[in-house]
2 protein chains.
Amino acid sequence: MRITYKGDYALKTILKLSINYGKVLSIHKLAKDLDIPVKFLEQILLELKRVGFVKSRRGKVGGYFLARHPSKIMLGEIIRFVDGPIEPIACINDNYRGCNDMYRCIFRDLWKKITEQTSKIVDNISFEDLRRRFTDKKFLAYTI
Amino acid sequence: MRITYKGDYALKTILKLSINYGKVLSIHKLAKDLDIPVKFLEQILLELKRVGFVKSRRGKVGGYFLARHPSKIMLGEIIRFVDGPIEPIACINDNYRGCNDMYRCIFRDLWKKITEQTSKIVDNISFEDLRRRFTDKKFLAYTI
DNA sequence: TTATACTCTACTATATTAATAGAAATTGTA
DNA sequence: TACAATTTCTATTAATATAGTAGAGTATAA
């Protein structure tokens with residue numbers, strides 16, 4: 001697993017929408033507050049919309065909002081969608097189907113173990129959990 | 001952490017040299033047995049030599065061999081050297097020095113936890129351990 | 001002396017990453 | 001109805017990383 005800028009942006013955006021659940025936030029507002037290039041965020045949000053994480057409203061008071069409650073969106077879902085599989089190496093995905101490479105097979109168990117451990121973390125934390133952590137930390141100096 | 005082809009090649013090469021500890025193997029032999037492009041492996045071995053993982057002998061019966069006993073080479077050392085830090089996201093390396101991005105800070109603990117768990121695996125397995133696993137598996141159909 | 005092997009520097013092709021550009025469609029409101 | 005703010009869509013681009021390839025040079029055992 002490697003989190004790219006795109007993934008980082010997506011996670012921060014979903015968190016922001018979670019904190020503001022119920023409201024509609026414009027791309028411009030999100031991009032400004034999260035320090036993300038507007039046009040890049042635009043693309044990310046369109047993808048997140050197509051797959052059903054967020055919804056949008058056009059026009060004057062338009063913007064984006066979460067399609068589900070933050071408690072129903074797991075961190076791992078966003079990571080996998082934006083940055084691909086959790087696995088540390090590509091070829092583990094098809095479960096080493098037809099693996100006749102003995103050296104690779106020795107490492108296989110390790111990559112699987114790492115994948116399982118990482119998944120256990122990201123698949124058990126929802127954006128509601130993150131939102132709660134956020135408010136608990138009380139970053140009063142910042143504007144939410 | 002993401003293991004690239006280069007990293008995969010390096011790991012398999014060190015394992016091969018561990019299994020054949022005490023012998024000298026040529027690039028050609030290694031490349032052929034491990035199915036790695038010769039000139040690519042050449043580069044990788046030079047890097048591994050410069051940093052002291054392997055040593056080499058030139059000339060007619062030349063080749064490469066481990067600079068240390070397999071029990072003294074940890075998996076994580078090779079991974080970090082070839083494919084960089086274990087962290088799933090780049091900016092965690094400097095420990096978020098001067099982090100005034102509250103959204104990032106929320107994720108920070110997670111990336112640290114994932115990093116710690118992964119490190120715990122790769123930093124506690126030596127190539128001697130891997131060699132033992134290999135012989136225990138008794139892949140008799142293959143040529144070691 | 002020669003065959004075999006490592007050494008070194010440079011080059012290249014492709015994919016991924018991280019954007020940027022601009023025109024079109026929608027919608028609330030004055 | 002006009003318009004301003006907003007999303008939508010398609011294309012393009014620049015930079016970097018990845019995965020090699022090429023070729024000339026150096027060392028060494030027999």
Side-chain angles (χ1 to χ4, degrees), chain A residues 1-13 17 23-67 79 81-85 88-91, chain B residues 1-13 17 20 23-67 79 81-85 87-91:
Chain A
M1 181 179 72
R2 208 178 105 234
I3 309 295
T4 63
Y5 269 83
K6 189 177 176 183
D8 185 49
Y9 292 163
L11 293 173
K12 290 202 276 185
T13 299
L17 291 175
K23 295 183 196 161
V24 175
L25 302 184
S26 72
I27 295 179
H28 198 78
K29 163 82 173 159
L30 288 165
K32 192 188 156 206
D33 287 2
L34 300 174
D35 195 30
I36 302 172
V38 178
K39 298 297 278 183
F40 195 16
L41 180 58
E42 181 188 306
Q43 285 183 22
I44 295 167
L45 280 167
L46 278 174
E47 289 181 40
L48 290 171
K49 184 192 172 181
R50 285 194 193 103
V51 83
F53 287 117
V54 301
K55 290 183 177 177
S56 66
R57 197 159 63 195
R58 283 186 166 190
K60 191 110 181 185
V61 293
Y64 284 89
F65 53 99
L66 291 186
I79 292 174
F81 175 65
V82 178
D83 282 333
I89 191 167
C91 48
Chain B
M1 181 179 70
R2 207 176 106 235
I3 308 296
T4 64
Y5 269 84
K6 189 177 177 185
D8 185 49
Y9 293 161
L11 293 174
K12 290 203 275 185
T13 299
L17 292 175
N20 294 277
K23 294 182 195 161
V24 175
L25 303 184
S26 72
I27 295 179
H28 199 79
K29 163 82 173 160
L30 288 165
K32 193 187 154 206
D33 288 2
L34 299 174
D35 195 31
I36 302 172
V38 179
K39 297 297 277 182
F40 196 15
L41 180 57
E42 183 188 304
Q43 285 184 21
I44 295 167
L45 279 167
L46 279 174
E47 289 181 39
L48 289 172
K49 184 191 171 181
R50 285 193 194 106
V51 82
F53 288 117
V54 301
K55 289 183 177 178
S56 65
R57 195 158 66 195
R58 284 183 165 191
K60 192 113 180 185
V61 293
Y64 283 89
F65 53 99
L66 291 187
I79 292 175
F81 175 65
V82 179
D83 281 333
E87 281 76 8
I89 192 165
C91 49

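Only this structure's heavy atoms are used, side chains among them; waters, hydrogens and symmetry mates stay out. The model shown is predicted, which means the values in this text are computed figures rather than measured ones. Numbers restart at 1 for each chain; the letters A, B, ... are given by sequence-line order, proteins then strands.
Remark: the A:R58 side chain and the D:dT6 base include no donor-acceptor N/O pair separated by less than 3.5 Å. On a pure distance criterion of 3.5 Å, no polar donor-acceptor pair joins the side chain of B:K6 and the base of D:dG20. Put simply, the side chain of A:Q43 and the base of D:dC9 share no donor and acceptor less than 3.5 Å apart.
At C:dT17, none of the side-chain N or O atoms of A:Y9 fall inside 4.0 Å of OP1 or OP2 (strictly under the cut-off). Look at A:S26 and you won't find any side-chain N or O under 4.0 angstrom from OP1 or OP2 of D:dA5. Distances shown here put every side-chain N or O of A:K39 at or beyond 4.0 Å from the OP1 or OP2 atom of C:dA18. Note on B:T4: every side-chain N or O is 4.0 Å or more away from OP1 and OP2 of D:dA17. In this structure, B:S56 reaches the C:dT7 phosphate: one of its side-chain N or O atoms is under 4.0 Å from OP1 or OP2.
Between B:K60 atom NZ and D:dA27 atom C1' the separation is 13 Å, expressed in whole Å. As rounded to whole Å, 9 Å separates atom P of D:dA17 from atom CZ of A:R2. Taking atom CD of residue B:E47 and atom C1' of nucleotide C:dC6, one finds them 15 Å apart after rounding to whole Å. Remark: P of D:dA4 and NE2 of A:H28 are 17 Å apart, rounded to the nearest angstrom. For the pair A:L30 CG and D:dA5 C1', the computed distance is 15 Å after rounding to whole Å. C:dA5 atom P lies 16 Å from atom CZ of B:F65, rounded to whole Å. Taking atom CG on A:L46 and atom C1' on D:dT6, their separation rounds to 12 Å, with Å as the unit. The distance from atom CZ of B:R57 to atom P of C:dT7 is 12 Å, rounded to the nearest whole Å.
With C:dA18, C:dC8, D:dC9 as the candidates, the nucleotide lying closest to the side chain of B:E42 is C:dC8. Side-chain atoms of A:Y5 lie closest to C:dA19 of the nucleotides D:dC9, C:dA19, D:dA4. Checking C:dT4, D:dC9, D:dA4 against the side-chain heavy atoms of A:R50 singles out D:dC9 as nearest.
Within 4.0 Å (heavy atoms only), A:G62 reaches sugar-phosphate atoms of the nucleic acid but no base atom. Note on B:I27: only backbone sugar-phosphate atoms sit closer than 4.0 angstrom, heavy atoms only; bases stay farther off.
Atom-to-atom distance recorded for A:S56:OG and A:F65:CZ is 7.0 Å, nearest 0.5 angstrom. Distance CG/B:L25 to CG/B:L17: 5.5 Å, rounded to 0.5 Å. Considering OG1 of B:T13 and CG of B:L45, their distance stands at 5.5 Å, rounded to 0.5 Å. Note that the CD1 atom of B:I79 and the OG1 atom of B:T4 stand 10.5 Å from one another [nearest 0.5 Å].
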For B:L34 and B:Y9, what are the C-alpha separation, side-chain angles and deciding distance, and is it a side chain to side chain contact (heavy atoms under 4.5 Å, CB included)? CA-CA 8 Å; B:L34 299 174; B:Y9 293 161; over 6 Å; no
What verdict does the side chain to side chain contact (heavy atoms under 4.5 Å, CB included) test give for B:K6 and B:E47, after you've listed the backbone C-alpha separation in whole Å, the side-chain angles of each residue and the deciding distance to 0.1 Å? CA-CA 11 Å; B:K6 189 177 177 185; B:E47 289 181 39; 3.1 Å; yes
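Nearer to the 5' terminus of DNA chain D, by closest-nucleotide assignment, is the contact made by A:G63 (compared with the other of A:G63 and B:P37). Remark on DNA chain C: of its neighbouring residues A:G7 and B:V61, the 5'-side contact belongs to B:V61, judged by nearest-heavy-atom nucleotide.
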